[in-house]
Amino acid sequence: MPGELSAVNVGFSYGGRTVLRNVSLSIGAGSQVGLAGPSGSGKTTLARVLAGLMPPSTGHVTCNGATVQAAGDGAVAMLFQSPRRSCSPRMTMRAVIAEGMMGGGRGSGRRREVDAGVRQFAARVQLTGDLLDRYPYEVSDGQLQRACLARSLAAEPDYLICDEATAMLDAATTAAVVRIIGEEVTARGLGVLALSHDRELLDAWCGSITHLS
Ligand SMILES: Nc1ncnc2c1ncn2[C@@H]1O[C@H](COP(=O)(O)OP(=O)(O)OP(=O)(O)O)[C@@H](O)[C@H]1O
């Protein structure tokens, strides 16, 4: 359906080993859905399939009414657990956020426009001043994760999949990340899928929760 990211009867096998069987799940525009389940139940696998990073073995995935064939159109962004593994150590916070603007194909890519966009998205995640010129080894995990969030938001995806994205953060930074994402949901109808082992967090964050077993 338009305005939805959906898995329909999705199955997935790594080699001969089946991890997902007949899973159906929808994330509507402007909604926040939690995905819970024990370790190894297939949460990350389902997230990758929904993001178009791997095709399902059976069933199908649709994004805004069209079959998801491959990653890269920018409609679905992912935010991972470890910001250090998802950022180049050679890029400043400014460059990390600029990467999102280029990846999303926004604007002309002109220097002045990119700089203004970086400032706007950096301010949204409260990264200002000299933090923007620091490298990953010069900032905390929470600051780096906020740069990764700004990179994801700068690409203006329709859907954001957060795979244990707050697992390495303290309570205050977790609350800030959840609040910033919630602002995007309200302001422009971002649809969110949040994967977590933390049921309390999902209860507070999401309007509905799907459980994989
Ligand atoms: N690339 C891979 N090749 C083979 N098997 C894999 C691969 N990635 C994951 N698996 C297996 O698939 C199953 C589901 O893994 P997945 O990471 O999706 O679970 P999860 O619910 O996200 O787990 P966790 O909560 O521990 O992160 C596990 O048994 C895992 O070992």
Side-chain angles (χ1 to χ4, degrees), residues 4-28 31-63 67-73 75-88 136 140-142 144-149 151-152 155 157-171 173-178 181-182 185 190-213:
E4 259 184 23
L5 175 63
S6 301
V8 183
N9 294 327
V10 159
F12 189 87
S13 304
Y14 290 105
R17 198 164 158 270
T18 299
V19 174
L20 300 174
R21 277 189 191 84
N22 276 335
V23 177
S24 295
L25 170 73
S26 283
I27 303 115
S31 72
Q32 302 196 81
V33 175
L35 184 61
S39 180
S41 58
K43 300 180 297 296
T44 294
T45 302
L46 180 59
R48 289 188 194 136
V49 169
L50 277 165
L53 299 175
M54 314 189 295
S57 309
T58 57
H60 61 279
V61 174
T62 62
C63 182
T67 300
V68 171
Q69 304 283 4
D73 72 355
V76 185
M78 285 192 77
L79 188 63
F80 298 98
Q81 176 171 352
S82 168
R84 293 197 190 275
R85 286 171 61 185
S86 37
C87 287
S88 162
S140 71
D141 284 345
L144 192 54
Q145 188 64 313
R146 280 188 278 138
C148 289
L149 175 58
R151 174 176 63 186
S152 296
D158 295 332
Y159 305 94
L160 177 65
I161 298 177
C162 300
D163 188 353
E164 293 283 0
T166 60
M168 292 174 70
L169 308 179
D170 66 10
T173 314
T174 296
V177 166
V178 171
I181 291 172
V185 171
L190 179 71
V192 176
L193 180 69
L195 281 60
S196 180
H197 292 116
D198 184 341
R199 192 57 196 242
E200 248 179 67
L201 171 71
L202 290 184
D203 283 340
W205 185 349
C206 301
S208 65
I209 297 174
T210 293
H211 191 89
L212 282 184
S213 50

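Counting starts at 1 for both ligands and their atoms, following the listed order. The structure presented is a predicted model; accordingly, all values stated were derived computationally and were not measured.
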Point to revise | Counterpart residues, ring-ring contact (aromatic ring centres under 6.0 Å, His included), relative to F80 (two or more places apart) | key: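 By the ring-ring contact (aromatic ring centres under 6.0 Å, His included) rule, F80 matches no residue at all.
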Review point. Rounded to the nearest 0.5 Å, how far apart are CG of L202 and CD of Q32?
Key: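 Those atoms lie 11.0 Å apart.
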Point to revise | Set of residues that line ligand 1, where lining means a heavy atom lies under 4.0 Å from it | key: Y14, R17, V19, P38, S39, G40, S41, G42, K43, T44, T45, H197
Study note, to complete from the structure: Residues passing the side-chain hydrogen bond (donor to acceptor under 3.5 Å, both in side chains) test with S31, sequence neighbours excluded, are none
Point to revise | T210: partners by side-chain hydrogen bond (donor to acceptor under 3.5 Å, both in side chains), with sequence neighbours left out | key: none
Practice item. Give a yes or no on whether R84 atom CZ has more than 12 heavy-atom contacts from other residues, nucleotides or ligands under 6.0 Å away. Key: yes
**Study point:** Any side-chain donor near an acceptor of the partner, T67 and T62, under 3.5 Å
**Key:** no
